[in-house]
Enquirer: 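Structure in structure tokens, see below.
In listed order, ligands and their atoms are each counted from 1. Scope of the values below: all heavy atoms of this structure, side chains included, with no hydrogens, waters or symmetry mates. Quick note: residue numbers are just sequence positions, from 1.
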Amino acid sequence: MANSQILVTGGAGFIGSYVVEELLKYHPRKIIIVDNLVRGRLENLGSFIDNSAIEFIEGDIRDVSLMDKCISNVDYVFHMAALRINACAANPGDGFDVMLKATFDLATLCVKYKVKKVIYSSSASVYGLAQHFPTPETDNPYDNQTFYGGAKLWGEQLFRSFKFMYGLDYVALRYFNVYGPRMDTDGKYTEVMIRWLDCIQHGLNPLIYGDGETTMDFVYIKDVARANVAALMANVSDQVFNIGTCRETSLKQLLQIMLAVNKSHLIPEFKESDTVNPVSRRCAENGKAKHLLGFEPKSTLKEGLYELSQWYFKKQKATLYSI
Ligand SMILES: NC(=O)c1ccc[n+]([C@@H]2O[C@H](COP(=O)([O-])OP(=O)(O)OC[C@H]3O[C@@H](n4cnc5c(N)ncnc54)[C@H](O)[C@@H]3O)[C@@H](O)[C@H]2O)c1
């Protein structure tokens, strides 16, 4: 990787900014970050913005001439810019332009400029409610009900077809429930963690809507960043990998661990939920990533939730003092 040029779309976002930090450990010549800051934040770039290898461009991946310039000299592309699941549902037209059209244009430019490998950020959303737990990569995606999941699956298939038509090498990573410092505080499942941290901070009993039995596979952000770099370095192409821990954690268990790491004795309260979550379970079979990428998640949920809590409380304190 040393001496290479790398493009990271969405590099001012949650996962993108950690991927850039991880990449810098390998001393690439240049990392170009393109992000329109619709969700990303400049503060996410804080630890590396002054590094001479970094070029940050506040721009849109839908701008084909900008992307042409950015891709013309790069060796590798991490394509992470995307709209969130709720944003796609609220405005599928934007979802189409960002997730499908811009991804198609990016793949076309990667072929034009003979990019050596693309690492594409996909999602466990492609499965909807999976058929098996733990879920192998071979489970079918027919239960997905979301525009976002459909778009991610299409992205995987786009790169697959470009590999066969034009020889463009790629790896797609299906992240499960990524969490950690810098995460979105109002995301689909991250919002609940933040709501509970607020309760812990203010001494209020945390609420669980429903029975708390919905499960997820929480994977720590720094592990996800390592998985991205492993996908670049491994001699692997035309493959999709689950990036999760193979540990299924219910919301009830998540809250218990969160209370324990914060030495809190608050009592969870249950409230009836007026919504039905169509995806009641998530758990990644992660043997393929271990075997072919040499990637294994390192952080335990306890460690990760401790880091998340410290970050959030510090951030709240800083906001309080800035008012
Ligand atoms: N966080 C998760 O748990 C999770 C799970 C599965 C998949 N993913 C995928 O991983 C990738 C990174 O996710 P994240 O959690 O860091 O989200 P994020 O929203 O923090 O990062 C995405 C970044 O893309 C940027 N962006 C959006 N539209 C853009 C556009 N038109 N032009 C330029 N930049 C644009 C945003 O400003 C943001 O910084 C995304 O592709 C996401 O779909 C994330």
Enquirer: Please list the nearest protein heavy atom to atom 3 (O) of ligand 1 with its residue and the distance rounded to 0.1 Å.
Expert: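 Residue, atom and distance for the closest contact: Tyr189 OH, 2.7 Å.
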
Enquirer: Judging by distance only, is a nitrogen or oxygen of Asp35 under 3.5 angstrom from one on ligand 1?
Expert: yes

Enquirer: To check your reading of the model: name the closest protein heavy atom to atom 10 (O) of ligand 1, its residue, and the distance in Å.
Expert: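 Ranked first by proximity to atom 10 (O) of ligand 1 is Tyr175 CE1, 3.2 Å.
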
Enquirer: Residue-level breakdown please: for Leu37 versus ligand 1, do any non-hydrogen atoms fall below 4.0 Å on the side chain, on the backbone, on both, or on neither?
Expert: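 Backbone only.
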
Enquirer: Are any of the side-chain nitrogens in Glu21 or Arg182 under 4.0 Å away from the carboxylate oxygens of its partner?
Expert: yes

Enquirer: Judged by non-hydrogen atoms, does Val38 sit under 4.0 Å from ligand 1?
Expert: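 So Val38 counts as touching ligand 1.
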
Enquirer: Do me a favour and list the nearest non-hydrogen protein atom to atom 21 (O) of ligand 1 with residue, atom name and distance?
Expert: Gly13 CA, 3.6 Å

Enquirer: I'd like to know whether Cys70 forms a side chain to side chain contact (heavy atoms under 4.5 Å, CB included) with Asp68, so could you lay out the CA-CA distance, the side-chain angles of the two residues, the decisive distance to 0.1 Å, and finally the verdict.
Expert: CA-CA 6 Å; Cys70 292; Asp68 189 293; over 6 Å; no

Enquirer: Which residue and atom name correspond to the protein heavy atom nearest atom 32 (N) of ligand 1, and how close is it?
Expert: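 Of every protein heavy atom, Ile61 N, 2.9 Å lies nearest to atom 32 (N) of ligand 1.
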
Enquirer: Using a strict threshold of under 4.0 Å (side-chain N to carboxylate O), is an ion pair present between Arg282 and Glu248?
Expert: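 No salt bridge links Glu248 with Arg282.
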
Enquirer: Output yes when the distance from some N or O of ligand 1 to some N or O of Val98 is under 3.5 Å, and no in every other case.
Expert: no

Enquirer: Do the ring centers of Tyr179 and Tyr220 come within less than 6.0 Å of each other?
Expert: yes

Enquirer: For Lys152, which part has a heavy atom under 4.0 Å from ligand 1: side chain, backbone, both, or neither?
Expert: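 Under 4.0 Å from ligand 1, Lys152 contributes side-chain atoms alone.
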
Enquirer: Do Lys112 and Asp105 sit within salt-bridge range, that is, some charged N less than 4.0 Å from a carboxylate O?
Expert: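 No.
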
Enquirer: Any salt bridge between Arg226 and Glu22, counting N to O under 4.0 Å?
Expert: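 Salt bridge: no.
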
Enquirer: Closest by any non-hydrogen atom to atom 38 (C) of ligand 1: pick that one out of Gly40, Ala12, Gly11, Gly244.
Expert: Gly40

Enquirer: Short list, please: which atoms of ligand 1 are under 4.0 Å from a heavy atom of Phe176?
Expert: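 So the answer, numbered in order with elements, is 3 (O), 5 (C).
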
Enquirer: Would Arg247 and Asp217 pass as an ion pair if we require N to O under 4.0 Å?
Expert: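 So Arg247 does not pair with Asp217 through a salt bridge.
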
Enquirer: Please could you name the atoms of ligand 1 that Arg62 approaches to less than 4.0 Å, counting only its heavy atoms?
Expert: 31 (N)

Enquirer: Taking heavy atoms and a distance under 4.0 Å, where does Arg84 meet ligand 1: side chain, backbone, both or neither?
Expert: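 For Arg84, only side-chain atoms sit under 4.0 Å from ligand 1.
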
Enquirer: So is Lys288 actually on top of Phe241's ring, under 6.0 Å and inside 45° of the axis?
Expert: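 Judged by the rule, Lys288 and Phe241 form a cation-pi pair.
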
Enquirer: Pick whichever of Asn36, Ile15, Thr103 has a heavy atom sitting closest to atom 34 (N) of ligand 1.
Expert: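 Going through Asn36, Ile15, Thr103 one by one, Asn36 has the nearest heavy atom to atom 34 (N) of ligand 1.
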
Enquirer: Using heavy-atom distances, let me know which of Arg39, Met80, Met183 sits nearest atom 22 (C) of ligand 1.
Expert: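 Comparing heavy atoms across Arg39, Met80, Met183, the nearest one to atom 22 (C) of ligand 1 lies in Met80.
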
Enquirer: Work out whether the distance between some heavy atom of Tyr179 and some atom of ligand 1 is less than 4.0 Å.
Expert: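 Outside the 4.0 Å threshold, so no.
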
Enquirer: Could you find the nearest protein heavy atom to atom 31 (N) of ligand 1 and give me its residue, atom name and distance?
Expert: Asp60 OD1, 2.9 Å

Enquirer: Mind checking whether Ser122 has a heavy atom under 4.0 Å from ligand 1?
Expert: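 Flag set, Ser122 near ligand 1.
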
Enquirer: For Phe159 and His79, take the angle between the two ring planes, folded into 0 to 90°, and tell me which bin it lands in: parallel under 30, tilted 30 to 60, perpendicular over 60.
Expert: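 The rings of Phe159 and His79 stand perpendicular, inter-plane angle above 60°.
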
Enquirer: With the threshold set at 4.0 Å, does a side-chain nitrogen-carboxylate oxygen contact exist between Lys152 and Glu156?
Expert: no

Enquirer: At less than 4.0 angstrom from any non-hydrogen atom of Val178, what atoms of ligand 1 do you find?
Expert: 1 (N), 2 (C), 3 (O)

Enquirer: Angle class for the Phe176/Tyr127 ring planes (parallel below 30°, perpendicular above 60°, tilted otherwise)?
Expert: tilted

Enquirer: Does the residue Gly59 have a heavy-atom contact with ligand 1, meaning some pair of atoms that are separated by less than 4.0 Å?
Expert: yes

Enquirer: Can you tell whether the side chains of Arg174 and Glu137 come within less than 4.0 Å, N to carboxylate O?
Expert: no

Enquirer: Taking the six-membered ring of Tyr76, is the NZ or CZ of Lys116 close enough (under 6.0 Å from the centre) and on axis enough (within 45°)?
Expert: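 The answer is yes, since Lys116 meets both limits relative to Tyr76.
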
Enquirer: Heavy atoms only: which of Tyr18, Phe14, Tyr148 is nearest to atom 9 (C) of ligand 1?
Expert: Tyr148

